[in-house]
Structure formats: C-alpha cells, structure tokens
Number of protein chains: 2
Amino acid sequence: MYTIQDVSEKTGLTAHTLRYYEKEGLLTGVERSQGGFRQYSDEDLERLGLICCLKNTGMSLHEIARFVALTNEGEQTLRERVEMLREHRESVIARMAEMQRYLDKVTWKLNFFSGKLKEYEERKGSAS
Amino acid sequence: MYTIQDVSEKTGLTAHTLRYYEKEGLLTGVERSQGGFRQYSDEDLERLGLICCLKNTGMSLHEIARFVALTNEGEQTLRERVEMLREHRESVIARMAEMQRYLDKVTWKLNFFSGKLKEYEERKGSAS
DNA sequence: CTAATCCTTAAAGTTACCTCTAAGTCAAGT
DNA sequence: ACTTGACTTAGAGGTAACTTTAAGGATTAG
C-alpha cells in the first residue's frame, strides 16, 4: 500500500494531479484508510501505468476516462476496448511516421545551416 | 504572389491563424499590395514550411519566434540558430524513442486484451 | 459596378491539462 | 504529544495555441 506521496514520487505526477485524475474518472476505486487517506495498491499502480502510457502517446484524458469506464463495466466491453486500443495504436504509428518526415526536414535544414555556418566562419577566419 | 486565402488553402492554416502568426513574429516581412493586402511569395511559403515543421515537431511558437528573430539578425546568429536546431532535433529524437517505448506497451496491452476477448467470445459461443 | 475578399484593433472565448489556494479538519508516524 | 502530511470542496489562475466576434472601412477580380 502506498500513500499519495509515494505514488507521486513513483510516477512524477503531483498529489494534486493524482486527485484530479481521480475526480476525472481516470483512476477509480482507490482504497481508503479508516481516516479517509488514499491507499494505492500495486494493481492501482499498474492501472496508472496504462493511463500514463495512453496519455503519453497522446490520448486525451477524456478518452482515457471513457476507456476506464468501459473497463469498469466488465467483460462485455472487451471488444470495444480492444477496438479503442487498436485505433489508438494506429494513430500513434501514423503520428510517429509523420514526425519522422518532419524530423527529416529539420535534419536537412540543420545540415544546410551548418554548411552556411562553416562557410561563414571560414570567411571570417581568413579575413582576420 | 499568393493571397492569404491561397496560403490558407496550401497550408491548412486559417487566414486568422496566419495573421496571428504574423503578429507573434513567426512569419515576418510579408509584402503588401498598395491597398494593404498581404502578398505571399514563394520564399514566404518556404519560411512558413520551416515554421510548420518546427511547430509540428513540438517547438513552441515562442521558440520559433526566437528562431525567426535570430534569422532576421543575419549571419552572425548562424551559430546560435544551428545550435537551436541541433538541440531541437535531439529532443525530437528522444521524444520519438520514448514514444516507441510507450507504443510497445500499448501493443502489449492490446495483445493481452485481444487474448482475453478471444477467450471470452469462445466461452460465450460454446455456452449458446 | 459589384460581390467577394481583405484590412484593422482589441478583446473575449475555447480547449486541454493542469496548478494552486483557502479554510478548516483529521490522521499517522516517531 | 507533536509535527508532518492528508482530507474536502470550490473556485481561481495559468499556459499554449488558437478562434471568434464586432465594427467599419478599403480593395480587388471579373
């Protein structure tokens, strides 16, 4: 069992953010102590791992909340969840391919400017 | 020479956004007709291409504006600009690698849920 | 000539994702 | 016991990158 601070340190999310995620329906059903303190289990951490994973690949919190809600409805939503993940995966792959094309252009520009810089410095060097 | 609408269609940015970018110092020095209408040249389009490229790889408009300002200062800022591009390129590469790791996890989860789905459907199929 | 397009400023609104504050109470670890 | 950390609600504040609105006037292409 972990306190909110433990989880904050493990994940890099602030305690504020963790409560916020809970409020938004991202990480649901976290246990509480008698006093009302959140007690995160390893299973919670794993679920949070998937949440972060989806978030970091660009899924909106809203969509993640939808995925979580489906999960909470049980087995009969498996098909829909698989479909969501599949689509998300495709979109990530597409985005990465696009990114690669942009990166190639940045690289090209960088080389271009590097060439100009070299030329400029030689010009300056020989002039001194 | 292109009107703002032409450029909007070519780039997918709205005319509003183009004016906004100009105001923010991203695309500077666009020619005007006697009447004050913007007249974009091919060179403007090329500069805009680089701007979009940087933006689409995650550089903030603020940083792009800084890059553009340096460009406008001329050759003596070449070193700094090359440095900016180099750093940006590194960060994009790092982000893509991170993304790939997250994507692998999504793929893993997808396979896991696919398996569960298959099992579930067989169970349901045999029960009917 | 006329319809469609463009110009301006200034500011308010939007979406996403937090981030922080306040005020007051309560719990846990040493 | 005491200090540190956790709890609540509710709402304000913040940033990035737009997006829209309004109002009125000027320009341009056919």
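Below, chains carry the letters A, B, ... as their sequence lines are ordered, and counting in each starts from 1. What's counted below: heavy atoms across the whole structure, side chains too, no hydrogens, waters or symmetry copies.
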Rounding to a whole Å, what distance do you find between [X]:[atom1] and [N]:[atom2]?
| X | N | atom1 | atom2 | answer |
| --- | --- | --- | --- | --- |
| E63(B) | dA16(D) | CD | C1' | 13 Å |
| Y20(A) | dG14(D) | OH | C1' | 13 Å |
| L18(B) | dA17(D) | CG | C1' | 14 Å |
| K23(B) | dT19(D) | NZ | C1' | 11 Å |
| I64(A) | dC17(C) | CD1 | C1' | 11 Å |

Fill in the blank from the handout: On DNA chain D, more 5' by nearest nucleotide between H62(B) and T3(A) is T3(A)
Practice task
For E22(A) and for T14(B), find the nucleotide of DNA chain D with the closest heavy atom, then tell me which residue's nucleotide is more 5'.
Solution key: E22(A)
Problem - Minimum-distance nucleotide (side-chain atoms of R19(A) versus dT8(D), dT21(D), dC18(D)) - result: dT8(D)
Problem - Per H16(A) side chain, nearest of listed nucleotides dC17(C), dT21(C), dA6(D) - result: dT21(C)
Exercise for the section: Have a look at K55(A) and say if it touches a base, only the backbone sugar-phosphate, or nothing, with a 4.0 Å heavy-atom cut-off. Expected result: sugar-phosphate
Exercise for the section: Quick one: label Q5(B) by what it contacts on the DNA or RNA (base, sugar-phosphate, nothing), any heavy atom closer than 4.0 Å. Expected result: sugar-phosphate
Problem - Nucleic acid contacts of residues 27-41 of chain B, taken as heavy-atom distances under 4.0 Å to DNA chain C - result: R32(B), G36(B), F37(B), R38(B)
Handout entry: D104(A)-T107(A) side chain donor-acceptor pair, cut-off 3.5 Å
Key = no
Exercise for the section: Please check if any side-chain donor atom of Y2(B) sits under 3.5 Å from a side-chain acceptor atom of D44(B), or the reverse. Expected result: no
Handout entry: Main-chain N/O of E80(B) paired to T77(B) side chain as donor or acceptor, under 3.5 Å
Key = no
Exercise for the section: Report whether I51(A) and L13(A) are members of the same hydrophobic cluster (ILVMFWY, side-chain heavy atoms less than 4.5 Å apart, transitive linking). Expected result: yes
Exercise for the section: Using only side-chain N and O atoms of Y21(A), determine if any of them is under 4.0 Å from OP1 or OP2 of dC18(C). Expected result: yes
Practice task
Please determine if a side-chain N or O atom of T17(B) lies less than 4.0 Å away from the OP1 or OP2 oxygen of dA17(D).
Solution key: no
Problem - Matching residue for R38(B) among Q5(B), E31(B), E22(B) - test: side chain to side chain donor-acceptor pair (under 3.5 Å) - result: E22(B)
Practice task
Using the test salt bridge (charged side-chain N to carboxylate O under 4.0 Å, His left out), find all partners of R81(A) that sit at least two apart in sequence or belong to another chain.
Solution key: none
Handout entry: Any H62(B) side-chain heavy atom under 4.5 Å of E24(B) side chain
Key = no
Problem - Heavy-atom check, side chain of E98(A) versus side chain of Y102(A), under 4.5 Å - result: yes
Practice task
To the nearest 10°, let me know how far the axis at one end of the helix from dC1(C)-dG30(D) to dT30(C)-dA1(D) is tilted from the axis at the other, five pairs an end.
Solution key: 40°
Problem - Of R123(A), K124(A), K116(A), the residue whose pairing with E75(B) passes side-chain contact (heavy atoms from CB on, under 4.5 Å) - result: R123(A)
